[in-house]
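Heads up: the structure comes next, in structure tokens.
Note that the numbering runs from 1 along the sequence shown for the chain.
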Amino acid sequence: MIDDFLYGTAGDTGPLAEVEAAVRAAAAAEIVPRHRKLAAHEIIEKSGPHDLVTAADRLAEEHLTAALTKLLPGSVVVGEESVHADPAVYDALGGDAPVWIVDPVDGTRQFVRGEAGFCTLVALAQHGEIHASWTYAPVLGEMAVAVRGRGATLNGAPIRSGSPAPGAVLNVATSHPDYTTDAQKRALLGLRTDGIAPRPCGSAGLEYLAVARGELDAIAFNWEYAWDHAAGLLLVTEAGGAQATLAGVPFRIAGGNELPFTAARDEATVERILAALRAGG
């Protein structure tokens, strides 16, 4: 069903462009006009001061839900805001229907501060497999698209993650310590070792893009919400990178992963990061 949608019977990639247009339209209608113009009542704390939602998040997700399910009848949406309202929505990731995984504003804190480092993330999945993804940073003017088995592009040009230079220090974006268990904190402390330079992450979607284009060597995250990771994981792997959880197996978008996990520019870097995490834990 998804292959027919993405390529049609003759390899037509028109639907890919239609999804891209829908992502751009949602951002143009609901996100960009509110950038640096949010009123106080349009910003709400969910679980705490680092977990924010804005009117742009809610309205952009509503916009995308209507547009994407119209493009692919029978599909459903698992979005950050819809799951916040009804956690049972997340169960659709384990169902039979095609699932649009949506983070309307990834990097909400950056968005609220008026910075450019936020993006909209959309992935299309079924039966736990990610088939396509779109990462759109409207202020930066960047649209990254990945399609399973067909590579990754940034603004229409192919991108490759490459490999770190031999002997180079690995630059790694990591989870914010506020969102870690004690065991996860110990694991992440393993990255504070010779040859690795960890730093707190910004927008997860943009960190994945940085790995896919070879500007960042790896990420190491310890939360598993699908909307933060589905688009980026496909983007990195289609750009030539690799990913694995602490158990040494691929990340599962439906959850139940042994955390932390990593995505990196190549398999060798994944193994180095996992070794450091295990040493810390």
Heavy atoms, side chains only, cut-off 4.5 Å: are [X] and [Y] in contact?
{"X": "L259", "Y": "L246", "value": "no"}
{"X": "F221", "Y": "P260", "value": "no"}
{"X": "L124", "Y": "I101", "value": "no"}
{"X": "S161", "Y": "R213", "value": "no"}
{"X": "L277", "Y": "L188", "value": "yes"}
{"X": "F111", "Y": "I31", "value": "yes"}
{"X": "R34", "Y": "L59", "value": "yes"}
{"X": "V99", "Y": "V77", "value": "no"}

Any donor-acceptor pair under 3.5 Å linking the side chain of [X] with the backbone of [Y]?
{"X": "R272", "Y": "A276", "value": "no"}
{"X": "N171", "Y": "D217", "value": "no"}
{"X": "T237", "Y": "A242", "value": "no"}
{"X": "E238", "Y": "G151", "value": "yes"}
{"X": "R186", "Y": "G280", "value": "no"}
{"X": "S175", "Y": "N222", "value": "yes"}
{"X": "Q126", "Y": "D96", "value": "yes"}
{"X": "S82", "Y": "V78", "value": "no"}
{"X": "T262", "Y": "I219", "value": "yes"}
{"X": "E224", "Y": "I253", "value": "no"}

In Å and rounded to the nearest 0.5 Å, what is the [atom1] to [atom2] distance from [X] to [Y]?
{"X": "Q243", "Y": "L274", "atom1": "CD", "atom2": "CG", "result": "10.0 Å"}
{"X": "W134", "Y": "L234", "atom1": "CH2", "atom2": "CG", "result": "9.0 Å"}
{"X": "R192", "Y": "I196", "atom1": "CZ", "atom2": "CD1", "result": "11.5 Å"}

Worksheet item: Between E80 and R58, does at least one N-O distance fall below 4.0 Å, as a salt bridge requires?
Response: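 Here E80 does not pair with R58 in a salt bridge, since their nearest N and O are not under 4.0 Å apart.
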On the 0 to 90° scale, with breaks at 30° and 60°, tag the [X]-[Y] ring pair as parallel, tilted or perpendicular.
{"X": "W100", "Y": "F5", "answer": "perpendicular"}
{"X": "H35", "Y": "F118", "answer": "tilted"}
{"X": "H229", "Y": "F251", "answer": "perpendicular"}

So which atom in [X] and which in [Y] form the shortest heavy-atom distance, rounded to 0.1 Å?
{"X": "P33", "Y": "A27", "result": "CD-O, 3.9 Å"}
{"X": "P104", "Y": "E61", "result": "CD-OE1, 3.5 Å"}
{"X": "G190", "Y": "T193", "result": "O-CG2, 3.5 Å"}
{"X": "A218", "Y": "T269", "result": "CB-CG2, 4.3 Å"}
{"X": "A247", "Y": "R278", "result": "C-NH2, 4.0 Å"}
{"X": "P198", "Y": "T174", "result": "CB-CG2, 3.9 Å"}

Item to complete: Would you indicate whether R199, at its atom CZ, is surrounded by more than 12 heavy atoms from other residues, nucleotides or ligands within a distance under 6.0 Å?
Response: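 Yes.
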Worksheet item: Would you find more than 12 non-hydrogen atoms of other residues, nucleotides or ligands less than 6.0 Å from Y90 atom OH?
Response: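 Above 12, so yes.
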Discussion item. Evaluate T108 against D57 for side-chain hydrogen bond (donor to acceptor under 3.5 Å, both in side chains), listing each step before the verdict.
Written reply: CA-CA 8 Å; T108 300; D57 296 77; 3.1 Å; yes
Mind checking whether [X] and [Y] sit in one hydrophobic cluster, side chains of I, L, V, M, F, W, Y counted as touching below 4.5 Å?
{"X": "W223", "Y": "V89", "value": "yes"}
{"X": "I2", "Y": "V102", "value": "yes"}
{"X": "L206", "Y": "F261", "value": "no"}
{"X": "I130", "Y": "L121", "value": "no"}
{"X": "V169", "Y": "I273", "value": "no"}

Worksheet item: Would V19 and L71 count as a side-chain contact (heavy atoms from CB on, under 4.5 Å) if you check the C-alpha gap in whole Å, the side-chain angles of each, and the deciding distance to 0.1 Å?
Response: CA-CA 8 Å; V19 176; L71 285 174; 4.0 Å; yes
Discussion item. Could you walk me through whether K70 and E18 satisfy the salt bridge (charged side-chain N to carboxylate O under 4.0 Å, His left out) test, starting with their C-alpha distance in whole Å, then the side-chain angles of each, then the deciding distance to 0.1 Å, before giving a yes or no?
Written reply: CA-CA 11 Å; K70 183 177 180 180; E18 291 178 335; over 6 Å; no
Item to complete: Using side-chain contact (heavy atoms from CB on, under 4.5 Å) as the criterion, list what pairs up with A144, not counting sequence neighbours.
Response: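 Listed in chain order: T135, L154, L209, L235.
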Discussion item. Under 3.5 Å, is there a donor on one side chain and an acceptor on the other for D106 and S203?
Written reply: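 Short answer, yes.
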Fill in: Between T245 and N257: side-chain donor-acceptor atoms closer than 3.5 Å
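Distance-only check fails for T245 and N257.
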Worksheet item: Please walk me through it: do Y208 and D228 pass side-chain contact (heavy atoms from CB on, under 4.5 Å)?
Response: CA-CA 10 Å; Y208 279 110; D228 286 319; over 6 Å; no
Item to complete: Using the side-chain contact (heavy atoms from CB on, under 4.5 Å) rule, take V145 and E20 through it: C-alpha gap first, then chi angles, then the decisive distance, then the call.
Response: CA-CA 8 Å; V145 180; E20 179 177 329; 4.0 Å; yes
Item to complete: Apply ring-ring contact (aromatic ring centres under 6.0 Å, His included) to W227 and Y225, showing your working.
Response: CA-CA 6 Å; W227 49 77; Y225 293 125; 5.0 Å; yes
Practice prompt. Before giving the answer on side-chain contact (heavy atoms from CB on, under 4.5 Å), spell out for V147 and L16 the whole-Å C-alpha distance, their side-chain angles and the decisive distance to 0.1 Å.
Written response: CA-CA 9 Å; V147 182; L16 289 170; 3.8 Å; yes
